[in-house]
Every structure is written in structure tokens, then in C-alpha cells.
Chemist: 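Before I ask anything, let me first share the structure, which is written out below as C-alpha cells.
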Protein chains: 2
Amino acid sequence: MVQYSKKFQAVPEPTIRRMPSYLAFAEGLLRKGQQFVSSTQIANYMNIDPTQVTKDLSYTTIVGKTRVGYEVKAIVDVLSEFLGFSVMDNAFLVGAGSLGSALLHDSGLNHFGLKIEAAFDINPATIGRKINDVEVFHIDQFRDLAQELNVIMGIITVPAENAQTVADLMVAWGIKAIWNFTPARIKVPDDIIVQNTTLYSNLAIIFNKLHQEKREE
Amino acid sequence: MVQYSKKFQAVPEPTIRRMPSYLAFAEGLLRKGQQFVSSTQIANYMNIDPTQVTKDLSYTTIVGKTRVGYEVKAIVDVLSEFLGFSVMDNAFLVGAGSLGSALLHDSGLNHFGLKIEAAFDINPATIGRKINDVEVFHIDQFRDLAQELNVIMGIITVPAENAQTVADLMVAWGIKAIWNFTPARIKVPDDIIVQNTTLYSNLAIIFNKLHQEKREE
DNA sequence: AATCAATAAGGAAATTTTTCTTTAATAAAA
DNA sequence: TTTTATTAAAGAAAAATTTCCTTATTGATT
């Protein structure tokens with residue numbers, strides 16, 4: 001594994017997974033005008049242990065006040081910054097099908113620092129159309145456009161069997177990170193960051209729990 | 001935590017998360033006509049340790065053959081069954097916005113054992129419409145329809161601030177599991193299964209890795 | 001026929017993550 | 001002013017997960 005200096009200790013992935021929810025909670029409190037929030041409150045909201053919250057927040061520069069809690073505004077500011085939500089990164093999306101266009105419509109991505117600059121597909125019916133102001137190009141045009149725009153992320157929302165082909169293209173285009181929404185795993189060079197997001201994994205977890213209940217009866 | 005007999009040992013969540021990818025891989029091999037697959041091959045595809053694969057598969061009834069591997073067809077059959085993808089469960093979806101309609105369009109859910117019977121919203125523009133043959137009703141009609149159809153799962157794709165309200169409704173309707181796509185955490189009775197699927201968590205992980213690279217430079 | 005190499009499987013060890021415990025600080029209450 | 005209760009924070013312990021190690025099996029090679 002990669003070595004880090006003590007200053008930049010690697011943050012556990014489960015911690016990073018929880019942080020966006022802390023942020024969403026704090027944003028809500030901020031809107032309601034609440035100034036401080038305790039780890040107990042956050043833990044209660046998240047249904048986790050309070051020490052988990054303090055441990056998680058200790059990876060950031062946020063410090064709490066005994067008997068008071070954390071400043072809500074500080075959580076919002078520091079966490080947005082920490083999670084990389086406060087700087088805008090550019091992305092290309094390949095596969096303007098149903099999931100692809102859902103992402104194109106999702107303003108949340110914009111809010112959390114991701115701007116989808118262009119979409120690509122091979123379906124003539126969608127090429128040339130605009131989805132939520134993002135134009136859909138033929139995939140062959142990717143190379144030219146990648147030159148123009150400073151795009152660091154590629155989003156794959158094509159059918160699973162085409163995932164590797166698209167990933168290869170993205171690597172060739174010089175993309176740094178790939179967000180893969182297919183259940184297929186892709187092979188890329190070591191320096192490319194890959195995040196697999198498979199909805200069906202979540203479905204599997206739900207079904208497993210449902211069936212577990214049945215087994216216990 | 002819940003107690004299980006040794007026969008029905010709880011399967012680690014990370015294992016269940018990986019299984020749909022094993023399944024997708026095996027389905028691909030089956031289409032290509034490959035009869036056997038080794039843990040090494042699967043591990044190579046997944047970029048994980050081979051023993052991880054054998055450990056994961058050992059939770060199921062699948063057994064491998066030394067020097068040969070696992071039967072591809074067995075993996076497909078057993079894993080589909082094991083993950084609950086081979087029986088169809090019924091769901092209601094609340095929030096027919098962009099993410100909601102993407103899910104309605106996604107044939108993968110059907111393939112993996114989930115049928116969305118109806119969708120609900122409060123937006124008059126979408127009520128009455130059909131999205132991929134699924135009708136959109138006003139949310140007040142939920143109660144009546146829940147009686148008719150044997151719906152065990154509720155899918156929440158509304159804005160985060162309305163998640164709790166919708167969840168409360170779902171619990172009142174007698175739903176057993178909730179698939180929550182908002183970053184908000186919902187409070188439900190202990191016997192209700194909740195699966196939180198927040199896209200932005202994945203975004204946070206990517207950004208974190210990207211920034212880590214920068215720090216290492 | 002004998003040897004070699006690849007593999008599954010089970011157990012042990014290491015690592016990671018979560019939970020528990022203790023301590024110190026401090027706002028609120030008495 | 002003193003006491004009490006709540007909290008953050010740091011460290012220890014426990015639990016969960018992954019990786020390593022060993023063994024046995026068996027198809028392929030010599």
C-alpha cells in the first residue's frame with residue numbers, strides 16, 4: 001500500500017462514506033439556524049456510535065467544544081472542502097441512457113463539485129440532443145473535446161459488456177479517474193482511480209437482510 | 001446483534017457487495033461458453049486476492065474442483081438464488097424525478113428480482129403519466145394501492161428534506177424494507193430494513209483519492 | 001509412472017474498523 | 001461558589017475483514 005506521512009494520514013473509506021451524510025445533516029441544521037451540534041446528536045441522526053462521529057471528524061481540522069459540540073458552520077465549510085466538494089471538477093459521461101441522463105439531470109452533482117461537460121453515446125437517436133443543457137456527442141468526438149476541456153473524470157453508464165471498451169478509451173484520452181456504474185470491473189493502469197458504484201450490490205444487501213429475517217422465523 | 005445458528009451464518013456485507021460482480025462476470029463467461037472458472041481468474045478480474053473469492057463463495061453451496069475451478073453455470077445459478085435475484089419482489093417508488101425515472105427505466109432491476117409496481121409523486125405534471133409502463137400516482141393514493149399489491153419495498157428518490165416524511169408514510173403502509181437514495185438518514189422502527197445508497201459518498205471517495213495523489217507529489 | 005504446478009479450502013495471522021473506557025473541560029444547576 | 005452532567009478527545013479493547021500460510025487434491029507434463 002501507499003505510504004503516507006503522519007500529517008496526511010489516510011482516511012478510512014468508511015469514514016469518507018459517512019461524511020457526506022454529516023454534511024447533509026449540518027447543512028440542514030444551518031438552514032434551521034442551529035449554531036452548534038454535538039456528536040451525540042449527529043450519531044443519533046446517523047444511528048451510529050457517538051465516538052464514531054468524533055473519530056471521523058478528528059481526521060479533519062474541525063475541533064469541538066466540550067459541553068457544546070461542533071460549530072455547524074465549521075462542519076459545513078470544512079467538510080465541503082475536505083471532501084473536495086468546494087472545487088469544481090470536470091467530467092465526461094459515456095452512455096446517455098436512462099441512468100446516464102438521470103445523472104445529467106442531477107443538480108446534486110453540481111452542488112458537490114462535479115460538472116459534466118459533455119455526454120457521449122453511439123445511439124443516433126440521442127446524439128445531437130441536449131440533456132439538461134449538456135450536449136450528447138458521438139463517442140468518436142471524445143478525443144477532440146477532451147483536448148479542449150480540462151476533464152479529469154470519466155463516468156461510465158453504458159451496458160456492462162461495453163464498460164472495458166469505454167474505459168480503455170478514457171485512459172487513452174488522459175482521464176485520471178473513472179466512475180464506473182456498471183457491475184463489470186474494468187482493468188486500467190495503476191495510476192488511474194476507479195470507483196465502482198453498482199446499484200445491484202445494494203439490492204443484494206437488502207434481499208439478504210430480508211431473507212435472513214425469514215430464516216430466523 | 002442478531003444471533004444466528006451456525007447453519008445460517010451471517011454473510012459479511014463486503015462479501016455480498018462483491019457477489020453481484022462475480023455474478024456479472026460469470027454470466028459473461030457463460031455467454032462466451034466457458035465452463036469453468038478459477039478463483040484466480042475471478043480475483044484477477046476483480047483486482048482482489050484469490051482467497052477472498054474462495055472465502056466469499058464458501059458462504060454459498062458452491063464447491064470448486066482442485067486444479068479446475070468453479071463451474072460457471074453453478075456460480076450463475078447459485079449466486080442468483082443466493083442474492084435473492086431469482087424471485088421477484090415488488091416495490092413502490094416515491095419521487096418520480098430524474099433519479100426516480102432512471103430507476104424506472106432500468107431493466108437491470110427487473111433482471112435482478114425487483115419489480116417496481118407503481119410510482120408516486122406530488123408534482124401534478126408527472127402524476128398520471130407512465131414512465132416505462134409504470135404509472136405515476138399522487139402520493140395520497142399510496143395507501144389504497146399498497147393494500148392491493150404485495151409490496152415489500154419502498155424506494156425513496158425525493159429531495160433529502162422530504163426523506164423522513166416519505167419514510168414515515170412507507171412504514172405506516174406496512175413496507176418491510178426501504179431503499180433510500182437521499183443523503184438524509186431516516187428513522188424507522190427496528191424491524192424495518194434500510195439501505196442507504198448515496199451517490200455522493202462515491203464522489204467523495206474519488207475526490208479524496210485524487211487529492212491524496214496531489215498531496216503525495 | 002512419476003513429477004510438477006495450479007487450485008480449493010481451512011485455519012492463522014495481520015490489518016482495519018468499530019466500540020468501549022477513561023480523562024479533562026466546561027456549561028448549567030444547585 | 002460548588003456540584004453535576006454533558007461533551008470532546010485520546011487511547012485501549014473488541015470485532016470484523018482481509019491477507020497469509022499450509023495442506024490436500026488433481027490435471028498436465030516429463
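Treat the numbers as computed from the prediction; the structure is a model and nothing was measured. Order of the sequence lines fixes the chain letters, A, B, ..., with proteins taken first and strands second; residue numbering starts at 1 for each chain.
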Chemist: Between A:Val68 and B:Pro50, just flag the one whose closest nucleotide in DNA chain C comes earlier from the 5' side.
Modeler: B:Pro50
Chemist: Distance check: side-chain N/O of B:Arg18 vs OP1/OP2 of D:dT17, anything under 4.0 Å?
Modeler: no
Chemist: Do A:Asp56 and A:Val11 have side-chain heavy atoms sitting under 4.5 Å apart?
Modeler: no
Chemist: Ignoring hydrogens and angles, state whether a donor on the side chain of A:Asn196 or A:Thr198 is under 3.5 Å from an acceptor on the partner side chain.
Modeler: no
Chemist: With respect to the phosphate group of D:dT19, does any side-chain polar atom (N or O) of B:Gln52 fall under 4.0 Å of OP1 or OP2?
Modeler: yes
Chemist: When you check the phosphate oxygens OP1 and OP2 of C:dC20, does a side-chain N or O of A:Thr51 lie under 4.0 Å from one of them?
Modeler: no
Chemist: Check the distance between D:dA16's P and B:Asp56's CG and give it to me in whole angstrom.
Modeler: 17 Å
Chemist: To the nearest Å, give me how far apart OH (A:Tyr59) and P (D:dA8) are.
Modeler: 17 Å
Chemist: Of all the choices, C:dA24, C:dT17, C:dA8, which nucleotide is nearest to the side chain of A:Thr66 once you look at every atom?
Modeler: C:dA24
Chemist: Taking CD1 from A:Ile16 and C1' from C:dT16, how many angstroms apart are they, rounded to a whole number?
Modeler: 14 Å
Chemist: Has the side chain of B:Lys65 got a donor or acceptor that lies under 3.5 Å from a partner of the other kind on the base of D:dG27?
Modeler: no
Chemist: So, OP1 or OP2 of C:dA9: does either fall under 4.0 Å of a side-chain N or O from B:Tyr70?
Modeler: yes
Chemist: Would you check if there is a donor-acceptor pair between the side chains of A:Thr197 and B:Asn202 at a distance under 3.5 Å?
Modeler: yes
Chemist: Within this structure, what is the CD1-to-P distance between A:Ile62 and D:dA8, rounded to whole angstrom?
Modeler: 12 Å
Chemist: Among the nucleotides D:dT18, C:dA9, D:dT7, which one has an atom lying closest to any side-chain atom of B:Pro14?
Modeler: D:dT18
Chemist: Within this structure, what is the CD-to-P distance between B:Glu71 and C:dT7, rounded to whole angstrom?
Modeler: 17 Å
Chemist: Can you find an N or O donor on one side and an acceptor on the other, under 3.5 Å apart, linking the side chain of A:Arg67 with the base of D:dA5?
Modeler: yes
Chemist: When you check the phosphate oxygens OP1 and OP2 of C:dT7, does a side-chain N or O of B:Thr40 lie under 4.0 Å from one of them?
Modeler: yes
Chemist: Specify the closest pair of heavy atoms between B:His211 and A:Gly84, including all atoms of both residues, with the distance to one decimal.
Modeler: CE1-CA, 3.4 Å
Chemist: Measuring from the side chain of B:Val63 (C-beta onward, heavy atoms only), which nucleotide among D:dT7, C:dA9, D:dT18 has the closest atom?
Modeler: C:dA9
Chemist: When the distance from CD1 of B:Ile75 to P of C:dA8 is rounded to whole Å, what number comes out?
Modeler: 9 Å
Chemist: How about NZ on A:Lys187, more than 12 heavy atoms from neighbouring residues, nucleotides or ligands closer than 6.0 Å, or not?
Modeler: yes
Chemist: C:dA27 P sits how many Å from A:Phe36 CZ, rounded?
Modeler: 10 Å
Chemist: Distance check needed: C:dA9 C1' versus B:Lys55 NZ, whole Å only.
Modeler: 8 Å
Chemist: Using OP1 and OP2 only, check whether a side-chain N or O of B:Ser58 sits under 4.0 Å from C:dA9.
Modeler: no
